[in-house]
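The structure appears below as structure tokens.
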Amino acid sequence: MSVISNQIGKRPRAVGDWSSRDLYFSLLAPSGFSKGRADSAGFLAAHLKHTSQHFTDVPAHPEQLEAWLGEHNEAVGSQFQEYLAARKAGQPRWFFSSKAHALYFLRVVAPTKMVDGAWLYGLTRHWHDARFTSLLKIYLEELGDGVEAMNHVAMYRKLLKVNECEDWKALDDKFFTQGAVQLALAANTETHLPEVIGFNLGYEQLPLHLLITAYELQELNIDPYYFTLHTTIDNAHSGHARAAVGAVTEAMPTFGSSRHYMERIMAGVKLNDAGLGTLDLIKHFDLLGEVVRVLQSKASIGQYMHSNRCMIDGKTINEWLAEPEQVARLLNVMEKTGWIKRHQDPEQSRFWQVIHAEKAPMFGVFTAYERQVIYDWIAGDVLETLPKVARLGAPWRRVAQAPEPEVLGNVYDLRSGRRLAERLLEANDFNQEQLSLDRYLQGLGAKRMDFLIDWLSPAKHHTSLGLCATRYFKAYMDTSYLHGDSPQ
Ligand SMILES: [Fe+2]
Ligand SMILES: [Fe+2]
């Protein structure tokens, strides 16, 4: 556990008076970047100040970055080998105590993952400037180049859906800080370019926790693809980690003083420490606290749903649930009266029986995530001895991706930039939006890039039109690079 404890405890808990959650959603709202810029600039300044004293091993001299990249990857690789050896020797998982713990992590990291890549959005306005090619390439790859199955945000949204962890928008403020920082960088790129480049440099490096997370998710029967993808696409040889290093020197001529430029790059690198990091989130998990929260969240509706014949310790269930602060005591009473038999197979507990079996009276009240929390808590000390299918569910299988419907294929060939045959655009009830977008773009002429950029924003790029706009954007951009001019 030393890996976790070493890195815990140095992060900020609160910075300034801003609500990260409010800022996060206001920046994602329509026209959020123009309306929320002033607030987000202050928020960004406060976090830059707060993280300025943090330590980073990223070198402050651009010529040392290449060597550092190699060393960093070697170190992470050998630490991961140590982890694997420790696990092989019988050590328990380092991160996730149970499947509920892992699902909790997926849920609380959602505010960050649902804006994956956002810090680079501000570069899209500079698509014609060759100095930012690497950064734009990274941004478009985060967007899957407009292919839904490869769009990181769409991918994470599916992961949350499959595991019924979609209620992340109601999480506490502290879980939104890192995502709000990423959006604030996007909203303020015009005045924070080196900080954006530095943040990207820090973010795109392979961390040890990513490798361990993917390994343990797989072990707990959760599709690790989102995480394994980031170990490959962000690789140090040809992936985002390398491109992020290249981006530092590519943009260098923009600034007169390279020393000042590098100082701001380093401030951006350190900004990665804002909010709760992966290890904080993992440590934050409290199984009993989560059981109580889940039951409390049902209490407002549940208090009217039970018949008054159902009594526990002299009170009806409705009376118990009428006071959410009594939920912890209710659990205690349920244990005493035998409704819940902790540290045994949950199948032995009447409470588990009424919530999970298909024809059970409370079937469907709890989501898969919530049932997992309750199951793992009841099973307690015997959890790991229970049959795998009972404690981890039926083995997941990656569903073969449905082929992209023809109409969603780009109307431009991404390699040549040439327009494809009109036959792809036969109208039907499913492609009206795309057809009107196509007609509209034709009419916009040179202004079409500005229009598309709006659809590439963190709030929109993962919608079907956003994905379509990303494909157009990439096709126009590639064509213009090919011909060395602006698109006609
Ligand atoms: Fe990503
Ligand atoms: Fe990346």
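Throughout, numbering of the chain's residues begins at 1 and tracks the sequence.
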Parallel, tilted or perpendicular, as decided by the 30° and 60° cut-offs, for the rings of Y83 and F80: parallel
Mutual orientation of the aromatic rings belonging to W168 and Y24 [parallel < 30°, tilted 30-60°, perpendicular > 60°]: perpendicular
Pair [X] + [Y], salt bridge at N-O below 4.0 Å:
X: E204; Y: R242; answer: no
X: D454; Y: K460; answer: yes
X: E190; Y: R125; answer: yes
X: R21; Y: D172; answer: no
X: E216; Y: K99; answer: no
X: E384; Y: R391; answer: yes
X: R264; Y: E195; answer: yes

Pair H240 and H230, ring centroids less than 6.0 Å apart: no
Within the 6.0 Å centroid threshold, strictly below: F95 and F105: no
Partner set under side-chain contact (heavy atoms from CB on, under 4.5 Å) for K113, not counting sequence neighbours: V109, Y156, Y203, Y226, F227
Contacts of type side-chain contact (heavy atoms from CB on, under 4.5 Å), residue E71, not counting sequence neighbours: A67
Whether over 12 other heavy atoms sit under 6.0 Å from Q53 CD: no
Just how far is it from atom [atom1] of [X] to atom [atom2] of [Y], taken to the nearest 0.5 Å?
X: M252; Y: I197; atom1: CE; atom2: CD1; answer: 10.0 Å
X: K158; Y: N163; atom1: NZ; atom2: CG; answer: 14.0 Å
X: W396; Y: Q218; atom1: CH2; atom2: CD; answer: 5.5 Å
X: L103; Y: D376; atom1: CG; atom2: CG; answer: 8.5 Å
X: L452; Y: S457; atom1: CG; atom2: OG; answer: 12.0 Å

Have [X] and [Y] got a donor and an acceptor in their side chains that come within less than 3.5 Å?
X: E323; Y: W320; value: no
X: E290; Y: Y369; value: yes
X: S26; Y: D39; value: no
X: T112; Y: Q178; value: no
X: H461; Y: Y121; value: no
X: H101; Y: S97; value: yes

R157 and E166: CA distance, side-chain angles, deciding distance, salt bridge (Lys or Arg N to Asp or Glu O under 4.0 Å) verdict: CA-CA 8 Å; R157 191 170 50 182; E166 291 162 289; over 6 Å; no
Shortest non-hydrogen contact between L456 and L140, atoms and distance: CD2-CD2, 4.0 Å
Residues that H72 engages under ring-ring contact (aromatic ring centres under 6.0 Å, His included), provided they are two or more places apart: W68
Donor-acceptor under 3.5 Å (T463 side chain, G466 main chain): yes
Donor-acceptor contact below 3.5 Å, side chain R371 vs main chain F366: yes
Verdict with reasoning, D273 to H54, per side chain to side chain donor-acceptor pair (under 3.5 Å): CA-CA 8 Å; D273 277 355; H54 285 212; 2.7 Å; yes
State, yes or no, whether a side-chain contact exists between [X] and [Y] at a heavy-atom distance under 4.5 Å.
X: E219; Y: F96; answer: no
X: R471; Y: D145; answer: no
X: I340; Y: R342; answer: yes

